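What you see is a predicted model, and the numbers here were worked out from it, not measured in a lab.
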Amino acid sequence: MTNTQTYTVSSRIDDRGDIARIRFSPKSGGQIIPFTAGAHIDIYLPDVDLWRQYSLCSDPAETGFYEIGVLKDPNSRGGSTAVHRLATEGAEFKVEGPRNHFPLDETATQTVLLGGGIGVTPMIAMAKRLHALGKDFVLHYCTRSEEVTAFKDDLDGSDFADKIVYHFDDQDDSQRLDLAQDLPAPDPDTHLYVCGPQGFMDWVIGAAEGAGHVPANVHREYFSAEVELSGDSFEVECAQSGITVTIGPNDTIAKALAKEGLKIDVKCEEGVCGTCITDVLSGEIDHRDQFLTEDEREDGDQLCACCSRGKGKLVLDI
Ligand code: FES
(Lines give C-alpha, C1' and ligand atoms only; values in the text may rest on other atoms or scores of the structure.)
Protein backbone atom coordinates (compact mmCIF):
# COMPACT_ATOMS: atom_id res chain seq x y z
CA MET A 1 0.00 0.00 0.00
CA THR A 2 1.39 3.41 -0.88
CA ASN A 3 1.40 6.13 1.73
CA THR A 4 2.17 9.33 -0.16
CA GLN A 5 2.53 12.33 2.12
CA THR A 6 3.67 15.89 1.63
CA TYR A 7 6.87 16.89 3.34
CA THR A 8 8.57 20.26 3.58
CA VAL A 9 12.31 20.88 3.40
CA SER A 10 13.02 22.08 6.94
CA SER A 11 16.76 22.55 6.48
CA ARG A 12 19.50 22.07 3.96
CA ILE A 13 23.26 22.03 4.42
CA ASP A 14 25.56 21.92 1.41
CA ASP A 15 28.28 19.71 2.79
CA ARG A 16 31.64 18.69 1.37
CA GLY A 17 31.89 16.75 -1.88
CA ASP A 18 28.80 18.26 -3.55
CA ILE A 19 26.56 16.49 -1.06
CA ALA A 20 23.40 18.24 0.08
CA ARG A 21 22.11 17.18 3.48
CA ILE A 22 18.39 17.74 3.44
CA ARG A 23 15.86 17.41 6.24
CA PHE A 24 12.18 16.82 5.53
CA SER A 25 9.43 17.45 8.08
CA PRO A 26 5.72 16.69 7.69
CA LYS A 27 3.96 19.64 6.04
CA SER A 28 1.03 19.15 8.39
CA GLY A 29 3.32 19.28 11.43
CA GLY A 30 3.58 16.50 13.95
CA GLN A 31 5.82 13.52 13.80
CA ILE A 32 7.32 11.56 10.95
CA ILE A 33 6.30 7.96 10.31
CA PRO A 34 8.83 5.96 12.38
CA PHE A 35 11.66 4.21 10.58
CA THR A 36 14.34 1.68 11.33
CA ALA A 37 18.05 1.92 10.52
CA GLY A 38 18.70 1.09 6.85
CA ALA A 39 15.35 2.45 5.66
CA HIS A 40 14.84 4.80 2.71
CA ILE A 41 12.17 7.18 1.54
CA ASP A 42 10.92 7.69 -2.03
CA ILE A 43 10.81 11.29 -3.22
CA TYR A 44 8.92 12.46 -6.29
CA LEU A 45 10.69 14.96 -8.52
CA PRO A 46 8.00 16.53 -10.68
CA ASP A 47 10.04 18.36 -13.28
CA VAL A 48 11.87 15.20 -14.31
CA ASP A 49 8.89 12.94 -13.48
CA LEU A 50 11.01 10.55 -11.45
CA TRP A 51 10.67 8.85 -8.10
CA ARG A 52 14.02 8.49 -6.39
CA GLN A 53 15.01 6.50 -3.32
CA TYR A 54 17.27 7.99 -0.67
CA SER A 55 18.55 6.20 2.42
CA LEU A 56 17.85 7.89 5.71
CA CYS A 57 20.92 8.96 7.66
CA SER A 58 19.09 10.47 10.61
CA ASP A 59 18.82 8.80 13.97
CA PRO A 60 15.98 6.24 13.99
CA ALA A 61 15.06 7.71 17.39
CA GLU A 62 14.40 11.08 15.73
CA THR A 63 10.69 11.86 15.40
CA GLY A 64 10.62 15.33 13.83
CA PHE A 65 12.38 14.91 10.49
CA TYR A 66 14.00 12.59 7.99
CA GLU A 67 17.51 13.45 6.80
CA ILE A 68 19.02 12.31 3.53
CA GLY A 69 22.33 13.05 1.80
CA VAL A 70 22.27 13.58 -1.97
CA LEU A 71 25.37 13.61 -4.14
CA LYS A 72 25.06 15.94 -7.11
CA ASP A 73 25.90 13.55 -9.90
CA PRO A 74 25.85 15.04 -13.41
CA ASN A 75 26.05 11.51 -14.84
CA SER A 76 22.81 10.38 -13.21
CA ARG A 77 19.47 10.40 -15.03
CA GLY A 78 18.65 13.78 -13.55
CA GLY A 79 17.35 12.79 -10.13
CA SER A 80 20.21 14.08 -8.01
CA THR A 81 20.62 17.35 -9.92
CA ALA A 82 16.85 17.91 -9.62
CA VAL A 83 17.02 17.40 -5.85
CA HIS A 84 19.89 19.87 -5.59
CA ARG A 85 17.95 22.39 -7.64
CA LEU A 86 14.52 21.94 -6.04
CA ALA A 87 15.24 21.21 -2.38
CA THR A 88 15.40 24.70 -0.99
CA GLU A 89 14.10 25.46 2.50
CA GLY A 90 10.32 25.44 2.51
CA ALA A 91 9.98 23.47 -0.75
CA GLU A 92 7.35 20.75 -0.70
CA PHE A 93 7.77 17.19 -1.96
CA LYS A 94 5.62 14.11 -2.28
CA VAL A 95 7.25 11.41 -0.17
CA GLU A 96 6.47 7.71 0.18
CA GLY A 97 7.75 5.32 2.79
CA PRO A 98 9.78 4.83 4.81
CA ARG A 99 10.58 1.32 3.65
CA ASN A 100 13.44 -0.87 4.75
CA HIS A 101 15.04 -3.39 2.38
CA PHE A 102 18.34 -3.13 4.27
CA PRO A 103 17.42 -3.91 7.87
CA LEU A 104 19.93 -4.11 10.67
CA ASP A 105 20.23 -7.37 12.60
CA GLU A 106 20.22 -5.95 16.08
CA THR A 107 21.04 -9.31 17.64
CA ALA A 108 24.54 -9.43 16.09
CA THR A 109 27.41 -9.45 18.54
CA GLN A 110 29.70 -7.69 16.05
CA THR A 111 28.75 -5.44 13.14
CA VAL A 112 30.96 -4.00 10.42
CA LEU A 113 29.56 -1.09 8.40
CA LEU A 114 31.29 -0.32 5.09
CA GLY A 115 30.27 2.84 3.25
CA GLY A 116 31.79 4.02 -0.03
CA GLY A 117 31.18 7.72 -0.74
CA ILE A 118 27.52 8.65 -0.50
CA GLY A 119 26.83 4.99 0.36
CA VAL A 120 27.68 5.97 3.92
CA THR A 121 24.18 7.40 4.50
CA PRO A 122 22.40 4.23 5.73
CA MET A 123 25.53 3.36 7.72
CA ILE A 124 25.19 6.56 9.72
CA ALA A 125 21.66 5.64 10.80
CA MET A 126 22.90 2.14 11.63
CA ALA A 127 25.84 3.50 13.63
CA LYS A 128 23.49 5.71 15.65
CA ARG A 129 21.21 2.78 16.36
CA LEU A 130 24.03 0.39 17.27
CA HIS A 131 25.54 3.01 19.56
CA ALA A 132 22.17 3.50 21.27
CA LEU A 133 21.96 -0.26 21.78
CA GLY A 134 25.49 -0.38 23.19
CA LYS A 135 26.58 -2.83 20.48
CA ASP A 136 30.07 -3.59 19.21
CA PHE A 137 30.55 -2.09 15.75
CA VAL A 138 32.95 -0.28 13.45
CA LEU A 139 32.17 2.03 10.54
CA HIS A 140 34.65 2.06 7.66
CA TYR A 141 34.04 5.17 5.56
CA CYS A 142 35.88 5.28 2.22
CA THR A 143 36.10 8.42 0.09
CA ARG A 144 38.38 9.96 -2.52
CA SER A 145 39.79 12.54 -0.10
CA GLU A 146 39.06 14.21 3.21
CA GLU A 147 37.96 17.34 1.33
CA VAL A 148 34.96 15.48 -0.18
CA THR A 149 34.00 13.57 2.97
CA ALA A 150 30.51 14.76 3.86
CA PHE A 151 29.16 14.27 7.39
CA LYS A 152 32.73 14.21 8.72
CA ASP A 153 32.32 17.12 11.13
CA ASP A 154 29.22 15.56 12.66
CA LEU A 155 30.74 12.09 12.81
CA ASP A 156 33.91 13.41 14.42
CA GLY A 157 31.78 15.14 17.05
CA SER A 158 29.54 12.14 17.68
CA ASP A 159 29.58 9.90 20.74
CA PHE A 160 30.81 7.04 18.54
CA ALA A 161 33.66 8.89 16.81
CA ASP A 162 36.08 6.25 18.11
CA LYS A 163 34.19 3.60 16.09
CA ILE A 164 34.77 5.35 12.75
CA VAL A 165 37.75 4.59 10.52
CA TYR A 166 38.27 6.84 7.50
CA HIS A 167 40.01 5.65 4.35
CA PHE A 168 41.00 8.29 1.80
CA ASP A 169 42.08 7.30 -1.72
CA ASP A 170 44.52 10.20 -1.98
CA GLN A 171 46.54 9.27 1.09
CA ASP A 172 49.14 6.61 1.74
CA ASP A 173 48.37 2.93 1.53
CA SER A 174 48.66 2.42 5.29
CA GLN A 175 45.27 4.01 5.90
CA ARG A 176 43.45 2.43 2.93
CA LEU A 177 40.79 -0.16 3.59
CA ASP A 178 42.54 -3.52 3.63
CA LEU A 179 39.81 -6.13 3.59
CA ALA A 180 42.19 -8.97 4.40
CA GLN A 181 43.06 -7.20 7.65
CA ASP A 182 40.06 -5.03 8.41
CA LEU A 183 37.31 -7.65 8.17
CA PRO A 184 36.80 -9.82 11.24
CA ALA A 185 36.86 -13.59 11.00
CA PRO A 186 33.58 -15.13 9.80
CA ASP A 187 31.18 -15.89 12.59
CA PRO A 188 27.43 -16.57 12.61
CA ASP A 189 26.94 -13.55 14.90
CA THR A 190 29.08 -11.17 12.85
CA HIS A 191 27.22 -9.14 10.23
CA LEU A 192 28.63 -6.92 7.48
CA TYR A 193 26.74 -4.11 5.73
CA VAL A 194 27.96 -2.54 2.52
CA CYS A 195 26.68 0.33 0.39
CA GLY A 196 28.48 2.37 -2.24
CA PRO A 197 29.37 2.47 -5.93
CA GLN A 198 29.10 -0.81 -7.81
CA GLY A 199 32.87 -1.43 -7.95
CA PHE A 200 33.18 -0.87 -4.20
CA MET A 201 30.26 -3.21 -3.51
CA ASP A 202 31.63 -5.94 -5.79
CA TRP A 203 35.06 -5.67 -4.16
CA VAL A 204 33.79 -5.83 -0.57
CA ILE A 205 31.21 -8.55 -1.18
CA GLY A 206 33.70 -10.66 -3.16
CA ALA A 207 36.37 -10.36 -0.46
CA ALA A 208 33.93 -11.00 2.40
CA GLU A 209 32.35 -14.06 0.83
CA GLY A 210 35.76 -15.26 -0.35
CA ALA A 211 36.96 -15.07 3.26
CA GLY A 212 34.07 -17.28 4.37
CA HIS A 213 31.37 -14.80 5.46
CA VAL A 214 28.08 -16.38 4.46
CA PRO A 215 26.01 -14.33 1.98
CA ALA A 216 23.15 -14.04 4.49
CA ASN A 217 25.48 -12.09 6.81
CA VAL A 218 26.84 -9.80 4.06
CA HIS A 219 24.03 -7.28 3.71
CA ARG A 220 24.05 -4.98 0.70
CA GLU A 221 22.19 -1.96 -0.58
CA TYR A 222 22.67 -0.80 -4.16
CA PHE A 223 21.75 2.83 -4.73
CA SER A 224 22.17 2.59 -8.47
CA ALA A 225 23.16 -0.11 -10.85
CA GLU A 226 24.21 -0.41 -14.42
CA VAL A 227 21.62 -2.76 -15.73
CA GLU A 228 21.54 -4.35 -19.18
CA LEU A 229 17.92 -4.23 -20.26
CA SER A 230 18.09 -5.73 -23.73
CA GLY A 231 17.94 -9.37 -24.77
CA ASP A 232 16.03 -11.85 -26.91
CA SER A 233 12.29 -11.43 -27.38
CA PHE A 234 10.04 -13.47 -25.11
CA GLU A 235 6.37 -13.80 -24.36
CA VAL A 236 4.60 -12.79 -21.16
CA GLU A 237 1.15 -14.04 -20.23
CA CYS A 238 -0.70 -12.30 -17.41
CA ALA A 239 -2.88 -14.93 -15.80
CA GLN A 240 -5.31 -12.64 -13.97
CA SER A 241 -5.90 -10.05 -16.68
CA GLY A 242 -5.68 -12.43 -19.64
CA ILE A 243 -3.21 -10.19 -21.47
CA THR A 244 -0.38 -11.76 -23.47
CA VAL A 245 2.41 -9.61 -24.93
CA THR A 246 5.70 -10.14 -26.69
CA ILE A 247 8.57 -8.27 -25.04
CA GLY A 248 10.87 -6.98 -27.76
CA PRO A 249 14.68 -7.01 -27.54
CA ASN A 250 14.86 -3.45 -26.20
CA ASP A 251 11.60 -3.38 -24.24
CA THR A 252 10.91 -4.22 -20.60
CA ILE A 253 8.03 -6.18 -19.10
CA ALA A 254 6.77 -3.12 -17.21
CA LYS A 255 6.82 -0.86 -20.27
CA ALA A 256 5.31 -3.42 -22.62
CA LEU A 257 2.45 -4.15 -20.22
CA ALA A 258 1.85 -0.43 -19.60
CA LYS A 259 1.22 -0.04 -23.34
CA GLU A 260 -1.52 -2.65 -22.95
CA GLY A 261 -3.04 -0.72 -20.05
CA LEU A 262 -1.66 -2.99 -17.33
CA LYS A 263 0.34 -0.83 -14.95
CA ILE A 264 3.07 -2.17 -12.71
CA ASP A 265 4.44 0.45 -10.30
CA VAL A 266 8.07 1.31 -11.04
CA LYS A 267 10.41 3.75 -9.34
CA CYS A 268 14.15 3.27 -9.88
CA GLU A 269 13.80 1.41 -13.24
CA GLU A 270 17.21 -0.14 -12.66
CA GLY A 271 16.50 -3.13 -10.46
CA VAL A 272 17.54 -1.76 -7.08
CA CYS A 273 14.41 -0.62 -5.22
CA GLY A 274 12.03 -3.58 -5.45
CA THR A 275 8.95 -1.48 -6.22
CA CYS A 276 8.14 -3.49 -9.36
CA ILE A 277 8.37 -6.97 -7.82
CA THR A 278 5.84 -9.20 -9.57
CA ASP A 279 4.85 -12.79 -8.81
CA VAL A 280 5.73 -15.39 -11.42
CA LEU A 281 3.63 -18.52 -11.86
CA SER A 282 5.82 -20.31 -14.40
CA GLY A 283 8.74 -19.89 -16.77
CA GLU A 284 12.48 -19.39 -16.44
CA ILE A 285 13.52 -15.92 -15.30
CA ASP A 286 16.58 -14.04 -16.53
CA HIS A 287 17.16 -11.91 -13.42
CA ARG A 288 18.83 -8.58 -14.15
CA ASP A 289 18.17 -6.79 -10.84
CA GLN A 290 20.30 -6.26 -7.73
CA PHE A 291 17.32 -6.39 -5.41
CA LEU A 292 16.45 -10.07 -4.97
CA THR A 293 18.71 -12.28 -2.89
CA GLU A 294 20.25 -15.47 -4.32
CA ASP A 295 17.71 -17.54 -2.37
CA GLU A 296 14.82 -15.51 -3.76
CA ARG A 297 16.17 -15.93 -7.27
CA GLU A 298 16.43 -19.66 -6.81
CA ASP A 299 12.80 -19.79 -5.68
CA GLY A 300 11.96 -18.49 -9.17
CA ASP A 301 8.57 -17.10 -8.18
CA GLN A 302 9.13 -13.34 -8.48
CA LEU A 303 10.95 -10.88 -10.68
CA CYS A 304 11.67 -7.18 -11.07
CA ALA A 305 9.48 -6.21 -13.99
CA CYS A 306 11.47 -3.03 -14.71
CA CYS A 307 14.51 -4.93 -15.93
CA SER A 308 14.38 -8.72 -15.67
CA ARG A 309 13.46 -10.87 -18.63
CA GLY A 310 12.33 -14.38 -19.48
CA LYS A 311 14.21 -17.24 -21.04
CA GLY A 312 11.18 -18.29 -23.04
CA LYS A 313 7.58 -17.69 -21.98
CA LEU A 314 6.74 -16.33 -18.51
CA VAL A 315 3.35 -16.47 -16.83
CA LEU A 316 2.84 -13.66 -14.30
CA ASP A 317 0.31 -13.56 -11.49
CA ILE A 318 -1.24 -10.22 -12.46
S1 FES B 1 11.45 -0.17 -10.23
FE2 FES B 1 13.03 -0.40 -8.79
S3 FES B 1 13.52 -2.51 -8.93
FE4 FES B 1 12.12 -2.18 -10.52
Side-chain angles (χ1 to χ4, degrees), residues 1-2 40 42-53 73-82 96 99 101-102 195 197-203 205-206 209 215 220-318:
M1 199 177 80
T2 53
H40 68 271
D42 299 334
I43 297 174
Y44 182 64
L45 304 167
D47 63 343
V48 286
D49 190 24
L50 287 172
W51 281 93
R52 280 288 166 265
Q53 294 74 43
D73 179 3
N75 298 318
S76 78
R77 286 184 294 155
S80 70
T81 50
E96 287 185 5
R99 278 186 274 262
H101 300 310
F102 191 43
C195 183
Q198 182 108 32
F200 176 79
M201 306 270 300
D202 292 346
W203 174 55
I205 293 166
E209 293 185 358
R220 57 208 76 181
E221 170 104 314
Y222 290 88
F223 52 73
S224 71
E226 286 173 23
V227 59
E228 174 57 59
L229 296 175
S230 59
D232 293 340
S233 295
F234 60 99
E235 198 170 78
V236 166
E237 178 186 330
C238 301
Q240 291 183 36
S241 57
I243 292 173
T244 297
V245 290
T246 299
I247 314 298
N250 295 310
D251 215 349
T252 67
I253 296 174
K255 285 182 179 164
L257 291 179
K259 286 180 209 151
E260 300 296 320
L262 187 53
K263 188 168 181 295
I264 296 175
D265 281 342
V266 293
K267 287 216 165 73
C268 72
E269 297 181 78
E270 49 190 21
V272 295
C273 75
T275 302
C276 63
I277 288 287
T278 304
D279 288 339
V280 178
L281 297 173
S282 67
E284 190 179 352
I285 305 164
D286 177 4
H287 291 286
R288 302 285 181 92
D289 64 284
Q290 303 279 11
F291 180 77
L292 294 173
T293 64
E294 276 310 313
D295 286 350
E296 288 169 335
R297 286 171 180 232
E298 276 170 26
D299 289 345
D301 58 1
Q302 51 185 347
L303 57 66
C304 287
C306 70
C307 60
S308 292
R309 305 182 66 81
K311 297 176 181 170
K313 182 176 175 179
L314 295 175
V315 180
L316 306 182
D317 191 14
I318 51 175

S.K.: Do Gln198 and Gln290 pass the side-chain contact (heavy atoms from CB on, under 4.5 Å) test, and can you show the C-alpha distance, the side-chain angles, and the key distance before you say yes or no?
M.R.: CA-CA 10 Å; Gln198 182 108 32; Gln290 303 279 11; 2.9 Å; yes
S.K.: Does the side-chain contact (heavy atoms from CB on, under 4.5 Å) test come out yes or no for Asp279 and Leu281, once each step is laid out?
M.R.: CA-CA 7 Å; Asp279 288 339; Leu281 297 173; 5.9 Å; no
S.K.: So, does Glu237 use its side chain to make a donor-acceptor pair with the main chain of Thr244 at under 3.5 Å?
M.R.: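 Side chain of Glu237 to backbone of Thr244: no pair is present.
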S.K.: Compare every heavy atom of Ala305 with every heavy atom of Ile264, then report the nearest pair and how far apart it is.
M.R.: CD1-CB, 3.8 Å
S.K.: For Glu235, is there any backbone N or O sitting under 3.5 Å from a side-chain donor or acceptor partner on Thr246?
M.R.: no
S.K.: Is Lys267 salt-bridged to Asp265, going by a charged N under 4.0 Å from an acidic O?
M.R.: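 No, Lys267 and Asp265 are not salt-bridged.
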S.K.: Taking the side chain as every heavy atom from C-beta outward, state whether Thr275 and Val266 have any atom pair closer than 4.5 Å.
M.R.: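 SC-SC contact between Thr275 and Val266 ruled out.
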S.K.: Would the distance check show the side chain of His101 and the main-chain N or O of Cys273 forming a donor-acceptor pair, the cut-off being under 3.5 Å?
M.R.: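 Yes, because the side chain of His101 sits within donor-acceptor range (under 3.5 Å) of the backbone of Cys273.
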S.K.: For the side chain of Arg52 and the backbone of Ser80, is there at least one donor-acceptor N/O pair under 3.5 Å apart?
M.R.: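 No; zero donor-acceptor contacts below 3.5 Å.
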S.K.: Could you tell me whether the side chain of Arg99 and the main chain of His40 form a donor-acceptor pair under 3.5 Å?
M.R.: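 Such a contact is absent between Arg99 side chain and His40 backbone.
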S.K.: Rounded to the nearest 0.5 Å, how far does CG of Leu316 lie from OG of Ser282?
M.R.: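 So the gap between those two atoms works out to 9.0 Å.
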S.K.: Hey, could you give me the CG/SG distance between Leu229 and Cys306, rounded to the nearest 0.5 Å?
M.R.: 7.5 Å
S.K.: With the side chain counted from C-beta on, respond yes when Ile277 and Leu292 share a heavy-atom pair under 4.5 Å apart, and no when they do not.
M.R.: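 Yes, side chains in contact.
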S.K.: Is there a side-chain contact between Glu209 and Pro215, using heavy atoms and a 4.5 Å cut-off?
M.R.: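 Yes, side chains in contact.
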S.K.: Of the non-hydrogen atoms in Tyr222 and Asp202, which two are nearest, and what is the gap between them?
M.R.: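 Looking at all heavy atoms of both residues, the closest pair is OH-OD1, 4.2 Å.
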S.K.: Of all heavy-atom pairs between Phe291 and Cys304, which one has the smallest distance, and what is that distance?
M.R.: CB-SG, 4.2 Å
S.K.: Taking all atoms of both residues into account, what is the closest heavy-atom pair of Cys268 and Gly271, and its distance?
M.R.: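 Minimum heavy-atom separation between Cys268 and Gly271: SG-N, 3.5 Å.
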S.K.: Where do Glu284 and Leu314 come nearest, in terms of heavy atoms and distance?
M.R.: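 The answer is O-CD2, 3.4 Å.
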S.K.: Do other residues, nucleotides or ligands put more than 12 heavy atoms under 6.0 Å from the CG atom of Asp317?
M.R.: yes
S.K.: Should the pair Asp295-Arg297 be classified as a salt bridge under the 4.0 Å nitrogen-to-oxygen rule?
M.R.: no
S.K.: Give the table of side-chain donor-acceptor pairs shorter than 3.5 Å for residues 248-260, with sequence neighbours excluded, one pair per line with atom names and distance.
M.R.:
| from | atom 1 | to | atom 2 | distance (Å) |
| --- | --- | --- | --- | --- |
| Asp251 | OD2 | Lys259 | NZ | 3.0 |
| Thr252 | OG1 | Lys255 | N | 3.1 |

S.K.: Roughly how far, to the nearest 0.5 Å, is NZ of Lys311 from NE2 of His287?
M.R.: 8.5 Å
S.K.: Report yes or no: does Thr278 contribute a side-chain atom to a donor-acceptor pair with the main-chain N or O of Cys276 at less than 3.5 Å?
M.R.: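 Yes; at least one donor-acceptor contact below 3.5 Å.
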S.K.: Please round to the nearest 0.5 Å and tell me the distance separating atom CD1 of Ile285 and atom CZ of Arg309.
M.R.: 13.5 Å
S.K.: Any side-chain heavy atom of Asp49 sitting closer than 4.5 Å to one from Tyr44?
M.R.: yes
S.K.: How long is the span from the SG atom in Cys195 to the CZ atom in Arg220, to the nearest 0.5 Å?
M.R.: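 Reported to 0.5 Å precision, the distance equals 12.0 Å.
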S.K.: Shortest non-hydrogen contact from Leu50 to Gly79?
M.R.: CD1-N, 4.0 Å
